Amino acid sequence: MPTIRDIADQLDLVYQLMQLAGENRFKAIAFDRASQTIRGFEKDINKYIEEKSLTNIKGIGKSIANDIYAYVETGEMPVLEKFKEKVPVGLIQWLNISGLGPKNILKIHQQFGISTVNELKKCIDRGDLAELPGLGAKSVEKIKKSIAWMEQFEERCRLNEANDIANEFVQSLKNLPGVESIKVAGSLRRTKETIGDIDILIAAEEAHINQIFDAFTSHECVVEILGRGETKSSVRSREGRQIDLRIVHPESFGAALMYFTGSKEHNIAMRFRARERGLALNEYGLFKLNSKGETDWEAKIQSKKESSIYEDLGLHWIPPELREDRGELEWFTEHEQMPLVQQEQIRGVIHTHSTWSDGKYSIQEMAAACIARDYEYLGITDHSKTAGYAGGLSIDRVKAQWEEIEKLNAQYAAEGVNFVIFKGIESDILGNGDLDYPTDILAGFDFIVASVHQQLDMPLDAMMDRFKRAIENPFTTMIGHPTGRLLLKREESSLDMNVLIEYAAQQQTAIEINASPWRLDLDWIWGNKAKQAGLFTSINPDAHSIEGIDDIHYGVRIARKAKFDQARVLNSLSADDFLSWAKKSRTSKL
Ligand code: DGT
Ligand code: CA
Ligand code: CA
Ligand code: ZN
């Protein structure tokens, strides 16, 4: 019996192959929608399959339901087999190469009969690719760089991917006999934006270790056992990720958890602090030193509870996301807590796309999804007119969209629904730093997210001038995804973030934390600077679908890592206060 994940993966494959095959966009999107729906489905999907009632689930139509039934019965999905004949599966990896879209991928495949990245590299080196009409030397250079970039980072994955894999393992291990505690450690516990290997830690008595490792290495997601020892085993998952599982004695769980959470820099600072107090800190606990200045293994002070180790070193417990040796030891020496924004404090969903531009759902559908999630407002920000490739809105379309939003708002008011949609736009920041509409149109929006989407590789000085001009524009409420990076896929633009943060704070322009796991931009590393400058942010999902809305959770985690408290997060305000802030930001610059 295939798992939910298997089914979702198959549908996803269809979506990707359809893109490559140039299949009708809406047909392809239907598969993407179905895949995401199934992946996030909260009830028992098998029941729907047995009863052949999948079509009762919103987002799954009749033909996709039949594809799924066929897959469950035969192990093959007919539509997938059909598309596999049209386009080789190997080409899917090419979709990760920035500068290479589905159309060109297919063209290259047909022209040269190649379907692997290696063959593509050879094709570039031979100079053949540059000969292809419509490509040319400059874009080939970009593709080449992008491949190198992709290969360099194959060893890491994005936060959401690691998160899903770790959860799956934790779920299946936590109820095994003898498991007293289980925790994810390492960079994932610290909420780094990309993850190398996934570290899991279990507290168990020795007698249970073998059985736990047996279950771990034979987990259905494991494709390769990389090593198995007395206290640590490593496996590779089918996604290609390495997972390290360590089992320690319950007595030293706290010390081990601290050690394997890291960061290395935080650990070093903590060990130094222990030394200063005549103590030794290691993965087994906090110990006294003997007369020779060595660890006295007989004189253990603490090892069981992580928080107690911090306390025994004159600190309050430090949340894992702050453990990067960026001032956290100093802070938690003096303070019991650092106020950090929480998911429950987020009241509105800002920066979202609808079918008016490149989103997959209508404004009404997006709003319904926000209401279902207890949010109080939705800021629709479709693309602006220059972004023709993403269905950017002409002035007439903007006006028509405003009408639709007003109608929906009137409807909510009439029905007594406490919800409001804001008229926003994700305005392109043009090459010279201008926004994308004349003033009278800009003035008609409730708020504006200003983002760079083209000419991302301008030299530093020109890029800084461009951003500064956008920041000081009265109509810019906030800057979107400042560096333009796509994690593990596309580099950041050259920017001096320290200067930009300072300037934005001074101009009362916010900088978003784009919560998409592909971006997580503003980067948390600028947290200290942002706090010192008093920068405001908004934790924005940049959602192109209903499922995308939930990326806000990743954004909140990054915002915490970046030391934002509720007071500096705009979408933790009420709807009225959010609007007032936007207005105030505007009038202060006019
Ligand atoms: P990753 O896997 O590259 O995303 O990053 P981490 O932080 O998960 O690193 P990893 O998996 O190599 O090690 C997990 C933790 O173990 C790390 O955060 C801190 C600790 N650790 C590893 N090696 C050392 C070391 O040489 N010294 C110290 N003090 N701690 C270490
Ligand atoms: Ca790790
Ligand atoms: Ca590791
Ligand atoms: Zn954007």
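If you read the sequence from its start, that first residue is 1, and numbering goes on from there. In each ligand, atom 1 is the first atom listed, and ligand 1 is the first ligand listed. Just so it is clear, the model here is predicted, and its values are computed rather than measured.
In this structure, Arg228 is not positioned above the aromatic face of Phe213 in the sense of NZ or CZ being under 6.0 Å from the six-membered ring centre and within 45° of the axis.
At a 4.0 Å heavy-atom cut-off, ligand 1 touches Asp197 through backbone and side chain alike. Using a 4.0 Å cut-off between heavy atoms, Arg190 contacts ligand 1 through its side chain alone, with no backbone atom that close.
The residue from Asn267, Asn282, Thr194 that puts a heavy atom closest to atom 30 (N) of ligand 1 is Asn267. For atom 17 (C) of ligand 1, the candidate residues are Gly262, Ala162, Ala269; the nearest heavy-atom contact is made by Gly262.
In terms of modelled atom types and a separation under 3.5 Å, the side chain of Asp214 and the main chain of Thr217 share no donor-acceptor contact. Ser146 contributes no side-chain N or O that, together with a main-chain N or O of Ile97, makes up a donor-acceptor pair within less than 3.5 Å. Looking at Thr476, its side chain does come within 3.5 Å of a backbone N or O of Ala470 through a donor-acceptor pair.
Looking only at N/O/S atoms, Glu426 comes nearest to the Zn ion (ligand 4) through OE2. Restricting Asp244 to its N, O or S atoms, the one at the least distance from the Ca ion (ligand 3) is OD2. Distances from the Zn ion (ligand 4) to the N/O/S atoms of His453 are shortest for NE2. Of all N/O/S atoms in Asp199, OD1 sits nearest the Ca ion (ligand 3).
Among all heavy-atom pairs drawn from Met497 and Thr483, the shortest one is SD-CG2, 4.5 Å.
Closest to atom 29 (N) of ligand 1 among all protein heavy atoms lies Arg271 NH1, 3.1 Å. Atom 26 (O) of ligand 1 has Lys264 CE, 3.7 Å as its closest protein atom, hydrogens excluded (heavy atom only).
Heavy atoms of Thr261 approach ligand 1 to within less than 4.0 angstrom. At a 4.0 Å cut-off, not a single heavy atom of His266 sits close enough to ligand 1 to count as contact.
Per-atom contact check: atom 4 (O) of ligand 1 touches the protein, criterion being a heavy-atom distance below 4.0 Å. Closer than 4.0 Å to atom 22 (C) of ligand 1 lies none of the heavy atoms of the protein. Counting protein heavy atoms under 4.0 angstrom from atom 9 (O) of ligand 1 gives zero.
Between Phe445 and Trp402, the distance from one ring center to the other falls under 6.0 angstrom.
Glu512 is not listed as a side-chain neighbour of Ile350, based on a closest heavy-atom distance of 4.5 Å or more.
Considering backbone and side-chain atoms alike, Ile195 places every N or O at 3.5 Å or more from each N or O of ligand 1.
Ring geometry for Tyr377 versus Phe578: interplanar angle of 30 to 60°, hence tilted.
Screening Asn514, Asp523, Asp521 against Arg485 for a side chain to side chain donor-acceptor pair (under 3.5 Å) leaves a single residue, Asp523.
Note that the CD1 atom of Ile405 and the CD1 atom of Ile421 stand 6.0 Å from one another [nearest 0.5 Å].
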